[in-house]
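Below: one structure, written as structure tokens.
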Amino acid sequence: MLLVGRGALPFPCCLLISLRDLGLQRHITYCRAAIHPLSGRAARRAPAGRNTTTAAAVAAPEQSKHQTKQNKGGQQAAKTAWEAIVGIECHIQLNTRTKAFCSCSNQFGGQPNAHVCPVCLAHPGALPVLNQETVHKGMLASLALNCSIAHTSKFDRKQYFYPDLPKGYQISQYDIPLGSSGSLELMFKDGTKRQVSIERAHLEEDAGKLVHGGSDQLSGSTHSLVDYNRAGVPLLEVVSGPDLRSGREAAAYAAELHRIMSLVGVIDVHAQDAVMRCDVNVSVRKKGEEQLRTRVEVKNMNSLSAIQKAVEYEMERQVELIESGRESEIVQETRLFDEDKGHTFSMRKKEGLADYRYFPEPDLPLLQIEENIISEVKDSLPEMPSAARQRLLQLKLPIADVLTLTDDMETATYLSAVLAAGAPPKQAANWVMGDLLGYCKEHKAHIGDLDLTPQLLAEMITLIESGTISGKIGKQILPDLIKGKVSPGSLEKWVKTEGLAQISDEATIAAMIDEVLASKPQELEQYRGGKTKLQGFFVGLVMKESQGRVNPAIMNKILMQRLQATKS
């Protein structure tokens, strides 16, 4: 019997392996699958160096009370006396044109096994050549995370055997990573912050993709399919320090990391493939303790909700085991998270560094980077999210607004341009958060795709603030501005030409009010009798009569004078 699993020899081509009645058949076939990055769907593609559906993963999930109902006592203990110690390893797929060590296309889609060559298929005598763009984007990402760049680093061979890894080893970086000693800052709605250290950011290549036919895992499958298009795709693995203390913080860290990588342009945010896959290391300890307990790794997650729920589940599971005198059952292992059932289950015992038998990659020379190149890359970095948040807070914007505006740095950049064009901060923030983001959500667009330039939006807000047009007229003309019907610098002239300028003449407004009141004698009598809420009714009629052009402040003043005069 030929078994596809750990310890199997790497296959040099794409095979379908069918085990039936102890007979063995081999067929050449292909497959592919697509998962949107951070989509919330269950992860189906493997992190670098391992597919999720290994032979060790076929064991049934652990039978425990966590599968049906979480222990309330454990929940309460986890919230009060205990804290999680969480570190995250994220594999970031760099959006280079070609793969890390060959000229094959690095793109999602296409026919399976179409983007392969002797180098990424590990044919005898084929030698790797380092892609310069991979190093450049790795440096961009590392510097954006405040890492120090190694002037001299090297590549190593990480040994393991699996069908989706044609070489039988992965080219990675071991003891001298490209970047180290970095950090990023998290901010929460209550104003609290968390500094998270970045221990290392190293370059490596991805494995291929193994999918089991007839089942989501090796157990119960009728055949296994291998697509090597992804083999050799460049990855940057970012390893955080054990600085996170909850599932909320872990999810916030992954979101911030994705935000930064999108901002500096090293990932394809619109790709249908998973561009970030996270492994979460979790242990627990009582608050105030210094000693660390045994940690477990929850592997292969690409949704924020999965990361948060997996940490929360692991925290409660480990706390319950410790408090029930079964701490010995917490072992250093790799676990998977079942997002549908909300629990983790054991995949395999965790390998140690010795199991990978690292040694320097003999076919690649040392990677040497001069200081002037590092300085050039660093100078090209845009404003980071943490700096943008701090700048907006200094403008006295509420924390909730700041977090919304910087959730997508394209939005934050757009707002900055609106402010630079002279719009008041609060009004600009309200228009961007409310009307523009609402329009983008409704039309499934990005704010950068709109024809409404920041200068034109600032011009419109300025006209509203000066009383030239009303806020209602602003909302009315916004779709035309978004569609590019007005050029920046010509809005005021266009408004007057279209007859949309705000009516501020008191005599004209008074005549409108008198006409409205005369047309509604019954409502006037009710107002006269004490039903003062009808004031809003009259305001609406006047606004309708003026087609939203009347100055609301002047209109309200004159309307109250007329209503009071009528009552007396």
Side-chain angles (χ1 to χ4, degrees), residues 47 62 64 66 70-71 73-91 145 147 174-175 177 180-186 188 192-202 237-254 256-257 278-301 306-337 343-356 358:
E62 296 173 351
S64 75
H66 291 286
Q70 294 176 332
N71 183 275
Q75 286 182 335
Q76 187 62 29
K79 291 178 180 178
T80 56
W82 297 83
E83 65 181 1
I85 309 299
V86 183
I88 301 183
E89 304 168 12
C90 283
H91 295 89
L145 297 172
C147 288
Y174 173 44
D175 54 333
S180 60
S181 303
S183 66
L184 63 78
E185 180 184 84
L186 307 179
F188 301 95
T192 59
K193 297 179 181 180
R194 169 74 72 182
Q195 290 290 333
V196 183
S197 63
I198 304 296
E199 293 185 351
R200 58 187 285 134
H202 66 262
E237 181 173 351
V238 177
V239 181
S240 81
D243 303 325
L244 302 163
R245 296 293 176 264
S246 67
R248 178 189 75 152
E249 291 187 4
Y253 168 85
E256 182 77 351
L257 183 59
C278 296
D279 306 334
V280 181
N281 294 285
V282 187
S283 65
V284 297
R285 69 182 178 192
K286 285 191 174 181
K287 293 179 180 178
E289 286 184 348
E290 294 294 331
Q291 183 179 358
L292 297 177
R293 288 181 163 87
T294 303
R295 64 178 173 86
V296 302
E297 179 186 46
V298 185
K299 202 169 188 65
N300 195 39
M301 290 175 288
I307 291 171
Q308 178 166 348
K309 292 174 183 176
V311 171
E312 291 172 349
Y313 175 86
E314 267 304 302
M315 185 179 180
E316 292 173 11
R317 183 184 76 89
Q318 294 180 32
V319 167
E320 182 180 340
L321 288 173
I322 294 170
E323 293 195 332
S324 62
R326 299 157 57 199
E327 185 172 358
S328 61
E329 295 181 26
I330 304 174
V331 296
Q332 190 168 333
E333 63 179 342
T334 297
R335 299 175 72 87
L336 295 178
F337 180 65
H343 67 76
T344 66
F345 58 93
S346 182
M347 177 185 181
R348 62 171 181 265
K349 292 295 185 290
K350 179 67 176 174
E351 296 97 335
L353 292 176
D355 295 321
Y356 292 124
Y358 282 99

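No experiment lies behind these values; they were computed from the predicted model shown.
The CG atom of L145 sits 5.5 Å away from the CD1 atom of I198 when rounded to the nearest 0.5 Å. Separating the CD atom in E312 from the CZ atom in R248 is a distance of 10.5 Å, to the nearest 0.5 Å. For the atom pair L184 CG and Y253 OH, the distance stands at 5.5 Å (nearest 0.5 Å). To the nearest 0.5 Å, atom OG1 of residue T294 and atom CD of residue E327 are 6.5 Å apart. C147 SG to H202 NE2: the interatomic distance, rounded to the nearest 0.5 Å, is 12.0 Å. Note that OG1 of T344 is 9.5 Å distant from CE of M301, once rounded to the nearest 0.5 Å.
Closest approach of D279 and E297 over heavy atoms only: CB-OE2, 3.5 Å. Across all non-hydrogen atoms, the minimal contact from A254 to C278 is CB-SG, 4.5 Å. Of all heavy-atom pairs between A251 and I307, the closest is N-CG2, 4.0 Å. Of all heavy-atom pairs spanning L321 and S324, the tightest one is O-OG, 3.2 Å.
A donor-acceptor pair is defined here as one N or O able to donate and one able to accept, closer than 3.5 Å; such a pair exists between the side chain of S240 and the backbone of I88. At distances below 3.5 Å, not a single donor-acceptor pair connects side-chain atoms of N281 with backbone N or O atoms of V86. When atom types are taken as modelled, the side chain of D243 and the backbone of S197 share a donor-acceptor pair closer than 3.5 angstrom.
Ring geometry, H343 versus Y313: the interplanar angle falls from 30° to 60°, so the pair is classed tilted.
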I'd like to know whether R245 forms a side-chain contact (heavy atoms from CB on, under 4.5 Å) with I85, so could you lay out the CA-CA distance, the side-chain angles of the two residues, the decisive distance to 0.1 Å, and finally the verdict.
CA-CA 5 Å; R245 296 293 176 264; I85 309 299; 3.6 Å; yes
For R335 and M347, what are the C-alpha separation, side-chain angles and deciding distance, and is it a side-chain contact (heavy atoms from CB on, under 4.5 Å)?
CA-CA 5 Å; R335 299 175 72 87; M347 177 185 181; 5.7 Å; no
Would you sort out whether E323 and W82 count as a side-chain hydrogen bond (donor to acceptor under 3.5 Å, both in side chains), showing the intermediate values?
CA-CA 11 Å; E323 293 195 332; W82 297 83; 2.9 Å; yes
Please lay out, stage by stage, how L186 and L244 fare under the test side-chain contact (heavy atoms from CB on, under 4.5 Å).
CA-CA 10 Å; L186 307 179; L244 302 163; 4.0 Å; yes
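A salt bridge links E314 to R317: at least one charged side-chain nitrogen sits closer than 4.0 Å to a carboxylate oxygen.
Contact annotation: the side chain of E249 approaches that of F188 to within less than 4.5 Å [non-hydrogen atoms, C-beta and beyond]. Side-chain atoms of V311 and V298, non-hydrogen and from C-beta on, never get closer than 4.5 Å to each other. Q332 has its side chain out of reach of S283: every pair of non-hydrogen atoms, C-beta onward, lies at least 4.5 Å apart.
Here the options are K286, R285, R293, the test is salt bridge (charged side-chain N to carboxylate O under 4.0 Å, His left out), and the partner is E289; only R293 passes.
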